[in-house]
Engineer: 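Just dropping this structure here.
The figures here come from the full heavy-atom set of this structure, side chains too, leaving out hydrogens, waters and symmetry mates. Protein chains get the first letters and strands the later ones, always in sequence-line order, with residue 1 at the start of each.
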Protein chains: 2
Amino acid sequence: MSNKKLYRGSLSTIILKLLGDNGRMYGYEITQKVKALTAGELQITEGALYPALHKLEAEGHLKVEFEQVNNRMRKYYALTEDGTKEVANKLSEMEQFIQTMQQLLNPKTGLA
Amino acid sequence: MSNKKLYRGSLSTIILKLLGDNGRMYGYEITQKVKALTAGELQITEGALYPALHKLEAEGHLKVEFEQVNNRMRKYYALTEDGTKEVANKLSEMEQFIQTMQQLLNPKTGLA
DNA sequence: CAATATACCTAAGATTTTTAGGTAATGCTA
DNA sequence: TAGCATTACCTAAAAATCTTAGGTATATTG
């Protein structure tokens with residue numbers, strides 16, 4: 001993935017959307033899901049993911065449940081009520097962003 | 001503009017594309033052009049623009065010409081040969097990014 | 001003549017990410 | 001069964017990019 005830089009700022013949007021779709025997920029699961037959904041195109045690093053999860057939790061968008069699976073701890077995240085609203089916000093911001101970029105980058109024809 | 005964060009990483013793409021379309025531009029002109037093209041949605045700050053221009057120049061993507069207009073200096077930027085290739089790269093990266101985000105964020109229907 | 005617009009710039013701080021680790025259990029395979 | 005990959009969590013230093021908040025100077029407009 002050579003266009004890593006472009007993903008800057010979109011991580012929390014991705015996390016929130018996945019949790020909206022899947023109910024609850026744990027960190028490692030999110031990294032695998034993103035890799036699968038994008039056919040390996042986007043690999044979320046753990047150094048980015050965990051701080052982002054903690055921040056979303058601190059902001060009140062996510063809540064946490066611990067669960068013991070195979071003698072190993074899992075930390076499940078799910079949307080709070082507030083988080084559910086935030087998903088919609090983030091998605092419409094992303095939509096707006098994409099529209100603006102298309103206005104800027106292909107005034108008439110296709111992007112390329 | 002509440003979705004400022006999403007623009008992180010896309011500034012150099014915007015600059016390169018505008019220079020590709022317009023031949024040559026000076027910094028202030030770029031800020032005004034972006035504001036006009038996006039109906040005020042995206043306002044490039046000078047604190048972001050000038051460092052970005054200097055970096056693109058240092059990387060060999062842009063070349064500079066000074067010009068005196070109305071007793072005031074203008075610094076015109078234009079693409080180098082290398083910069084012309086970079087425009088294509090950046091645009092296809094942006095295209096790929098948008099596709100990936102759409103895969104992730106609207107698996108079936110529209111984005112919203 | 002003061003404020004706004006034009007036109008360039010930098011530096012400190014904030015945010016987000018990469019890079020590069022650390023810990024520990026489970027599963028697979030040579 | 002030793003060793004390596006995978007699963008699963010985490011942090012901290014550094015890099016990258018941006019905002020904020022200045023600075024300088026000329027031209028235009030009310």
Engineer: Less than 3.5 Å apart, any donor N or O on the side chain of B/Gln96 or B/Thr100 sitting next to an acceptor on the other?
Structural biologist: yes
Engineer: Where each residue is assigned the nucleotide of DNA chain C containing its nearest heavy atom, which of A/Glu46 and B/Glu46 is assigned the position nearer the 5′ end?
Structural biologist: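 Residue closer to the 5' terminus by nearest nucleotide: B/Glu46.
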Engineer: Which heavy atom in B/Leu49 sits nearest to a heavy atom in B/Gly27, and how many Å separate them?
Structural biologist: CD2-O, 3.2 Å
Engineer: Provide, to the nearest angstrom, the distance between the NZ atom belonging to B/Lys75 and the P atom belonging to D/dA25.
Structural biologist: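 So the NZ-P distance, B/Lys75 to D/dA25, works out to 18 Å.
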Engineer: Once you round it to whole Å, what is the distance between C1' of D/dA16 and CG of B/Leu56?
Structural biologist: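 Nearest whole value for this atom pair: 14 Å.
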Engineer: Atom CD1 of A/Ile44 to atom P of C/dT18: distance rounded to whole Å?
Structural biologist: 9 Å
Engineer: Regarding A/Gly27, tell me which of base, sugar-phosphate or nothing describes its non-hydrogen contacts under 4.0 Å with the strands shown.
Structural biologist: sugar-phosphate
Engineer: Whole-Å distance between D/dT19 P and B/Tyr50 OH?
Structural biologist: 15 Å
Engineer: Under 4.0 Å: is that the gap between some side-chain N or O of A/His54 and OP1 or OP2 of D/dT11?
Structural biologist: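 So the side-chain polar atoms of A/His54 do come within 4.0 Å of the phosphate oxygens OP1 or OP2 of D/dT11, strictly under.
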Engineer: Closer than 4.0 angstrom, basic N to acidic O: yes or no for B/Lys90 and B/Glu95?
Structural biologist: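 Not counted as a salt bridge, because no side-chain N and carboxylate O are separated by less than 4.0 Å.
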Engineer: Between A/Gln32 (CD) and D/dT6 (C1'), how many Å, whole number?
Structural biologist: 9 Å
Engineer: Closest to the B/Tyr28 side chain: D/dC9, C/dC8, D/dT19?
Structural biologist: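 From the listed options, C/dC8 comes nearest.
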Engineer: Check whether any side-chain nitrogen or oxygen of B/Lys55 sits under 4.0 Å from OP1 or OP2 of D/dA16, and answer yes or no.
Structural biologist: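 Checking B/Lys55 against D/dA16: no side-chain N or O falls below 4.0 Å of OP1 or OP2.
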Engineer: Suppose we call two aromatic rings close when their centres sit under 6.0 Å apart. Are A/Phe97 and B/Tyr7 close by that rule?
Structural biologist: yes
Engineer: Any carboxylate oxygen within less than 4.0 angstrom of a Lys/Arg side-chain nitrogen, looking at B/Glu59 and B/Lys55?
Structural biologist: yes
Engineer: Mind checking B/Glu29 for me? I need base, sugar-phosphate or nothing, with any heavy atom below 4.0 Å counting as a touch.
Structural biologist: nothing
Engineer: What residues from residues 61-74 of chain B pass a heavy-atom cutoff of under 4.0 Å to DNA chain D?
Structural biologist: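 Residues of residues 61-74 of chain B under 4.0 Å from DNA chain D: B/Asn70, B/Asn71, B/Arg72.
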Engineer: What is the distance from OH of A/Tyr7 to C1' of C/dT16, rounded to the nearest Å?
Structural biologist: 16 Å
Engineer: Per the atom types in the model, does the base of D/dT17 pair as donor or acceptor with the side chain of A/Arg8 at under 3.5 Å?
Structural biologist: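 No such pair is found, so the answer is no.
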Engineer: How far apart are the closest heavy atoms of A/Ile30 and A/Leu18, and which atoms are they?
Structural biologist: CG2-CD1, 4.1 Å
Engineer: For B/Met94 and B/Ser10, which heavy atoms make the closest approach, and how far apart are they?
Structural biologist: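 Nearest heavy atoms, B/Met94 then B/Ser10: CE-CB, 3.8 Å.
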Engineer: Nearest whole angstrom, please: distance from the C1' of D/dC18 to the CG of A/Leu6.
Structural biologist: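 Nearest whole value for this atom pair: 15 Å.
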Engineer: Whole-Å distance between C/dT6 P and B/Tyr26 OH?
Structural biologist: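 Rounded to the whole Å, the gap is 8 Å.
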